[in-house]
Participant: 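Pasting a structure below so you can have a look.
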Number of protein chains: 2
Amino acid sequence: MMIAEVSEKLDISQDTLRYYERIGLLPRVNRNQSGIRDYSEEDCRWIEFIKCMRSAGLPIDVLIEYVRLFQQGDETMEARKEILIEQRKQLLKRMEDMQETLERLEYKIASYEEKVVKAEQTLKKPEEV
Amino acid sequence: MMIAEVSEKLDISQDTLRYYERIGLLPRVNRNQSGIRDYSEEDCRWIEFIKCMRSAGLPIDVLIEYVRLFQQGDETMEARKEILIEQRKQLLKRMEDMQETLERLEYKIASYEEKVVKAEQTLKKPEEV
DNA sequence: ATCACACTTGGAGTTAACTCCAAGTCAAGA
DNA sequence: TCTTGACTTGGAGTTAACTCCAAGTGTGAT
């Protein structure tokens, strides 16, 4: 698969794909005989994985380290697992914080409902009298 | 309250507090007779609110608009409510995405558990025989 | 009175994460 | 053969969100 197709399919710009590879956020992609990237299915799964983790807020440097360990082979499995466990913990924390914010938003929205109703009643009164 | 105290109490740098005010993310803070910011309790509640919303990922420009409307008075209540409702929707969406990512992380961790165990067994075998 | 210090402002600098650009290569079609 | 267009690279530019800086001011202690 060439870069245009992957970019289209996974909705990530070609520049970003090249950038991610440059900084080690993706394992190096194979080139064909004329030096052009030829993405494998595995490459695509990586890209999709990275995109998903990034969108949930996992830091780039952590993911780079994860990719680096992955490329070193099976003896780094334990270390990679630890990274994921730590990131799960931090993700849970963020989700809890967001839950609190959500509740706060709910509360504020509810109090606007009330205030808006009151304001409407106030406006109405002159008409009623 | 002066800026040092607020900064300390809410754990936001003085520079950030001034920056937020500059870009309209906080209503203008009153100054005392010598031009120094004197934060009221209400100011502090704003700062805390903004900090909370920002940490949940609400965009700065949306919050600036919210503050702007707030300063225009009660006739903007409906508009402010709509902003909060839209932001609640987007927050929920982000939380759902994060939930999916979390599950994916869980799955990956679980499969590492398995693989690590297998690898250990493979290592053990020679000893067992 | 003068020194230190916490504050002020406008503006410059920094960092992360892209995003764009220029110059060059290669393969395919007119 | 020439042109077109998708790709390559290294490096420069951009944007958001701070963060820092320099020059200046007001207040309180020595």
Side-chain angles (χ1 to χ4, degrees), chain A residues 1-40 43-44 46-68 87 90 94 97 101, chain B residues 1-40 43-44 46-68 87 90 94 97 101:
Chain A
M1 237 177 302
M2 279 198 299
I3 199 165
E5 190 180 350
V6 176
S7 164
E8 168 98 2
K9 230 172 55 170
L10 301 180
D11 196 29
I12 300 183
S13 79
Q14 299 186 19
D15 271 315
T16 300
L17 287 172
R18 284 189 280 255
Y19 166 69
Y20 278 0
E21 190 180 339
R22 219 189 305 194
I23 65 172
L25 188 50
L26 291 175
R28 178 167 171 88
V29 174
N30 278 338
R31 316 293 149 116
N32 66 17
Q33 71 288 349
S34 41
I36 289 180
R37 286 175 182 78
D38 183 14
Y39 292 84
S40 67
D43 289 329
C44 289
W46 264 110
I47 295 164
E48 211 272 297
F49 172 72
I50 291 294
K51 186 187 176 189
C52 176
M53 296 300 135
R54 283 293 296 133
S55 80
L58 273 72
I60 280 199
D61 54 353
V62 169
L63 292 170
I64 288 174
E65 173 67 3
Y66 183 82
V67 170
R68 202 183 62 77
Q87 292 306 312
Q90 297 193 15
R94 282 198 297 277
D97 289 353
T101 303
Chain B
M1 238 178 305
M2 278 197 300
I3 200 167
E5 190 180 349
V6 175
S7 164
E8 167 98 1
K9 231 172 54 171
L10 301 180
D11 196 29
I12 301 183
S13 79
Q14 300 186 19
D15 271 313
T16 300
L17 287 172
R18 284 188 280 254
Y19 167 69
Y20 279 1
E21 190 181 338
R22 216 188 309 192
I23 63 172
L25 188 49
L26 292 175
R28 177 164 173 93
V29 174
N30 277 338
R31 317 292 148 116
N32 66 16
Q33 70 289 351
S34 41
I36 289 180
R37 285 174 183 81
D38 184 15
Y39 291 85
S40 67
D43 290 328
C44 289
W46 264 109
I47 295 164
E48 211 271 297
F49 171 71
I50 291 292
K51 186 188 175 188
C52 176
M53 296 299 135
R54 283 293 296 133
S55 80
L58 273 72
I60 280 198
D61 54 353
V62 170
L63 293 171
I64 288 175
E65 173 67 2
Y66 183 82
V67 170
R68 201 183 62 78
Q87 291 307 310
Q90 297 193 14
R94 282 198 298 278
D97 290 353
T101 304

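In what follows, every heavy atom counts, from backbone to side chain, and hydrogens, waters and symmetry copies are set aside. Throughout, a chain's letter reflects where its sequence line sits, starting with A, and its residues are numbered from 1.
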Participant: Output the rounded distance in Å from CG (B:N32) to P (C:dA6).
Facilitator: 16 Å
Participant: Is there a donor-acceptor contact under 3.5 Å from the side chain of B:S7 to the main chain of B:I12?
Facilitator: yes
Participant: Between B:D61 (CG) and D:dA16 (C1'), how many Å, whole number?
Facilitator: 10 Å
Participant: Counting the atoms with a prime plus P, OP1 and OP2 as sugar-phosphate, which does B:I60 contact under 4.0 Å by heavy atoms, base, sugar-phosphate, or nothing?
Facilitator: sugar-phosphate
Participant: OP1 or OP2 of D:dC18 versus the side-chain N and O atoms of B:R22: is any pair under 4.0 Å?
Facilitator: no
Participant: Is A:R31 close enough to C:dC26 that one of its side-chain N or O atoms is under 4.0 Å from OP1 or OP2 there?
Facilitator: no
Participant: What is the distance, to the nearest angstrom, from the CG atom on B:L17 to the P atom on C:dC7?
Facilitator: 11 Å
Participant: Taking CD from A:E21 and P from D:dC7, how many angstroms apart are they, rounded to a whole number?
Facilitator: 14 Å
Participant: Go through the N and O atoms of the side chain of B:R18 and the base of C:dG10, and report whether any donor-acceptor pair is under 3.5 Å.
Facilitator: no
Participant: Minimum heavy-atom separation for A:D38 to A:D43, with atom names?
Facilitator: O-OD2, 4.0 Å
Participant: Do you know which two heavy atoms are closest between A:L26 and A:V67, and how far apart they sit?
Facilitator: C-CG1, 4.1 Å
Participant: Which whole-number value in Å describes the distance from A:E5 CD to D:dG5 P?
Facilitator: 20 Å
Participant: Side chains of A:Y39 and A:L17: closer than 4.5 Å at any heavy-atom pair?
Facilitator: yes
Participant: List the atom of A:C44, the atom of A:L10, and the distance in Å for their closest heavy-atom pair.
Facilitator: O-CD1, 3.9 Å
Participant: Can you measure B:D11 atom CG to D:dC18 atom P for me and round it to whole angstrom units?
Facilitator: 13 Å
Participant: Kindly point out which of C:dT19, C:dC7, C:dA17 is positioned nearest to the side chain of A:R54?
Facilitator: C:dA17
Participant: Could you state the atom-to-atom distance from CZ of A:R37 to P of C:dC26 in whole Å?
Facilitator: 15 Å
Participant: Answer yes or no: does a side-chain N or O of B:T16 lie under 4.0 Å from OP1 or OP2 of D:dT19?
Facilitator: yes
Participant: Ignoring hydrogens and angles, does a donor from either the side chain of B:D15 or the base of D:dC20 sit under 3.5 Å from an acceptor on the other?
Facilitator: yes
Participant: Once you apply a heavy-atom cut-off of 4.0 Å, does A:I3 come out as touching a base, just sugar-phosphate, or nothing?
Facilitator: sugar-phosphate
Participant: Please confirm whether the shortest side-chain N or O distance from B:Q33 to OP1 or OP2 of D:dG26 is below 4.0 Å.
Facilitator: no
Participant: So, does B:Y19 get its side chain near the phosphate of D:dC20, meaning an N or O under 4.0 Å from OP1 or OP2?
Facilitator: no
Participant: How many Å lie between CG on B:N30 and P on C:dT8, as a whole number?
Facilitator: 13 Å
Participant: Toward the 5' end of DNA chain C, which comes first, A:G35 or A:Y20, by nearest nucleotide?
Facilitator: A:Y20
